[in-house]
Trainee: 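My structure is below; once you've seen it, I'll send some questions.
Remember, it's 1-based here, ligands and their atoms both numbered in the order they're listed. Position 1 is the first residue of the sequence; numbering continues from there.
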Amino acid sequence: MDIDRTNVIMSPLERRLNTISRHLIQGCFSDSTSIVASPAFYGASVFQNVAQAPEDPILGVTVAFNKDPSPLKLNLGVGAYRTEEGKPLVLNVVRRAEQLLVNDLYRKKEYLPITGLSDFNKLSAKLILGSESPAILENRLATAQCLSGTGSLRVGAEFLTKHYHQRTIYIPVPTWGNHPKIFMMAGLSVKTYRYYDPTTHGLNFKGLLEDLSAAPNGAIVLLHACAHNPTGVDPTQDQWEHIRQLIRSKNLLPFFDSAYQGFASGSLDTDAQSVRMFVADGGDCLVAQSYAKNMGLYGERVGALTIVCKTTDVARKVESQMKLVIRPMYSNPPIHGASIVTTILKDRNMFYEWKLELKAMADRIISMRRQLYDAVSARGTPGTWNHIIKQIGMFTFTGLNSKQVSFMTSEYHIYLTSDGRISMAGLSSDKVPHLADAIHAAVTSIA
Ligand code: PLA
């Protein structure tokens with residue numbers, strides 16, 4: 001065993017480290033094996049200059065939460081549904097589907113096709129576009145099973161970078177923090193359009209129309225299909241119709257992110273209206289779907305990208321190119337999550353059972369809004385708080401600033417993203433008073 005650096009002058013600390021590593025190595029090779037450390041062993045790592053990256057602004061909240069030993073702690077950061085007992089929920093219908101899959105001894109674990117399970121793709125397109133959708137009836141769409149919403153957005157973005165003449169995508173301000181990164185990494189150039197008005201806690205409709213009117217012809221526009229994240233503010237039906245007309249008149253390309261179908265209103269059809277309105281006019285559009293929230297399949301990573309085209313012929317070519325995007329990325333998608341979804345969507349009873357469970361989740365979130373609003377009002381917290389009830393979907397965009405958020409975390413062990421977004425789905429009745437106390441204290445003690 002020879003790991004001494006005989007010709008090198010070592011500092012006391014280096015000498016000590018050297019002795020420790022010698023003991024460690026000797027411990028590992030306590031037989032008569034003798035190793036000679038190569039010169040590379042002592043040199044600097046080739047990754048020496050890699051900078052420490054900050055935690056993700058959303059998922060990093062959970063990292064901090066997990067480190068907090070306080071029994072009072074409450075994670076309202078990531079949008080993950082919790083029961084009234086504060087526990088993660090696996091839907092009964094999902095458990096049933098999994099049981100069926102496990103008991104089916106004919107099931108295999110072969111590779112899926114590059115675009116995934118074909119039944120899953122058909123059923124997913126039907127779920128978001130509606131069974132009577134002209135795009136489905138005329139067979140002018142291409143769907144690929146992808147890795148949840150994020151993967152669907154990324155595959156769509158990569159496809160656009162390769163095959164679409166305009167490389168600029170407009171995203172709302174604010175938007176889900178991962179959007180700009182997904183699109184930039186895929187090679188698109190990201191610009192923004194006004195969306196939220198902090199003074200009204202509602203939609204800045206005028207700003208939105210102005211910014212999209214000024215966008216160059218053909219630009220891509222990212223739209224949240226429903227339950228806008230982080231604001232919980234969606235356009236009304238009339239406003240959607242205005243947006244549609246503007247987008248079509250300028251030949252902008254709509255790219256829908258549908259991560260919360262069923263979570264906004266409790267109805268799968270109501271929450272798909274914006275997408276269906278655009279598809280009904282016969283124009284092109286992209287839709288990224290996620291089953292993370294509405295089926296509670298977060299970690300299964302199951303979603304779909306659908307590209308609606310104007311003709312069948314174009315759709316088939318688009319599909320062929322989608323495969324070329326996917327194959328070098330991850331070859332083909334995983335089988336389990338998509339099989340669960342397919343089992344549920346194709347069985348009338350299971351589909352019905354899913355809708356009931358989904359509605360129950362949406363209703364619980366709505367009741368949390370009411371309870372939090374009542375609790376904040378009862379404390380006479382300065383400011384207006386009716387946006388807690390008016391906003392929809394998983395999140396409330398409270399208007400709390402980053403200092404107030406830090407205060408709530410350090411003093412009350414309540415974890416939320418620094419932009420003041422609260423995941424209502426993570427709240428339960430027994431925690432409402434604690435949260436309302438924290439909001440009251442933050443607002444009254446920090447400007
Ligand atoms: N699109 C939007 C608008 C989202 O809010 C999320 C998830 C996704 C896509 C992607 O979800 P998926 O890949 O898991 O299907 N947003 C969460 C989680 C719920 C996250 O940040 O990853 C959030 O807390 O904002």
Side-chain angles (χ1 to χ4, degrees), residues 54-65 75-82 88-89 116 120 124 127-128 144-157 169 171-183 185-186 195-196 221-234 255-264 271 274-275 286-306 329-330 333-334 337-338 340-341 361-362 365 391-398 405 415-427:
E55 290 286 358
D56 180 82
I58 297 175
L59 301 183
V61 173
T62 304
V63 175
F65 171 82
N75 188 0
L76 304 176
V78 69
Y81 185 83
R82 296 288 178 262
L89 178 68
F120 168 86
S124 295
L127 187 73
I128 186 71
Q145 176 198 330
C146 296
L147 277 75
S148 215
T150 308
S152 308
L153 289 164
R154 180 66 187 263
V155 169
I169 184 162
I171 61 173
V173 179
T175 192
W176 179 46
N178 215 14
H179 277 148
K181 299 173 202 165
I182 292 171
F183 298 125
M185 295 296 268
Y195 189 86
Y196 182 70
V221 182
L222 179 88
L223 300 159
H224 294 229
C226 70
H228 182 276
N229 176 9
T231 68
V233 173
D234 285 350
F255 190 164
F256 279 97
D257 181 356
S258 176
Y260 298 97
Q261 188 183 358
F263 252 85
D271 289 356
S274 57
V275 177
L286 288 84
V287 190
Q289 276 170 276
S290 167
Y291 289 98
K293 272 69 74 175
N294 57 14
M295 247 187 228
L297 293 175
Y298 305 88
E300 294 290 353
R301 312 308 293 145
V302 50
L305 170 72
T306 290
M329 270 209 220
Y330 53 86
I340 297 172
V341 173
M361 288 193 284
I365 296 172
Q391 296 174 351
I392 56 171
M394 237 177 179
F395 305 108
T396 292
F397 204 46
T398 56
V405 169
Y415 289 77
L416 54 149
T417 51
S418 62
D419 58 1
R421 184 191 84 166
I422 284 180
S423 170
M424 299 307 286
L427 190 59

Trainee: If you measure from OG1 on Thr175 to CG on Asp257, what distance do you get to the nearest 0.5 Å?
Mentor: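 Output value for this atom pair is 7.5 Å.
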Trainee: Which value, rounded to the nearest 0.5 Å, describes the distance between Ile365 atom CD1 and Tyr260 atom OH?
Mentor: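 Here the interatomic distance stands at 10.0 Å.
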Trainee: Does Met185, at its CE atom, have more than 12 non-hydrogen atoms belonging to other residues, nucleotides or ligands within less than 6.0 Å?
Mentor: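 Not more than 12 within 6.0 Å, no.
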Trainee: Would you kindly say whether Asn229 and Arg421 are connected by a side-chain donor-acceptor distance under 3.5 Å?
Mentor: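 Yes, side-chain donor-acceptor contact under 3.5 Å.
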Trainee: So what's ligand 1 close to, N/O to N/O, under 3.5 Å?
Mentor:
unit_1, atom_1, unit_2, atom_2, d
ligand 1, 1 (N), Asp257, OD1, 3.4
ligand 1, 1 (N), Asp257, OD2, 2.6
ligand 1, 5 (O), Asn229, ND2, 2.6
ligand 1, 5 (O), Tyr260, OH, 2.6
ligand 1, 11 (O), Lys293, NZ, 3.2
ligand 1, 13 (O), Gly149, N, 3.4
ligand 1, 13 (O), Thr150, N, 2.9
ligand 1, 13 (O), Thr150, OG1, 2.5
ligand 1, 13 (O), Arg301, NH2, 2.8
ligand 1, 14 (O), Arg301, NH1, 2.9
ligand 1, 15 (O), Ser148, OG, 2.5
ligand 1, 15 (O), Gly149, N, 2.8
ligand 1, 15 (O), Ser290, OG, 2.6
ligand 1, 16 (N), Trp176, NE1, 3.3
ligand 1, 21 (O), Trp176, NE1, 2.9
ligand 1, 24 (O), Gly79, N, 2.8
ligand 1, 24 (O), Arg421, NH2, 2.9
ligand 1, 25 (O), Trp176, NE1, 3.3
ligand 1, 25 (O), Asn229, ND2, 3.0
ligand 1, 25 (O), Arg421, NH1, 2.8
ligand 1, 25 (O), Arg421, NH2, 3.4

Trainee: Output the distance between atom CG (Leu153) and atom CZ (Phe255), rounded to the nearest 0.5 Å.
Mentor: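 With rounding to 0.5 Å, CG (Leu153) is 5.0 Å from CZ (Phe255).
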Trainee: Report yes if the side chains of Tyr298 and Lys293 come closer than 4.5 Å at any heavy-atom pair, otherwise no.
Mentor: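 Yes; the side chains approach each other to less than 4.5 Å.
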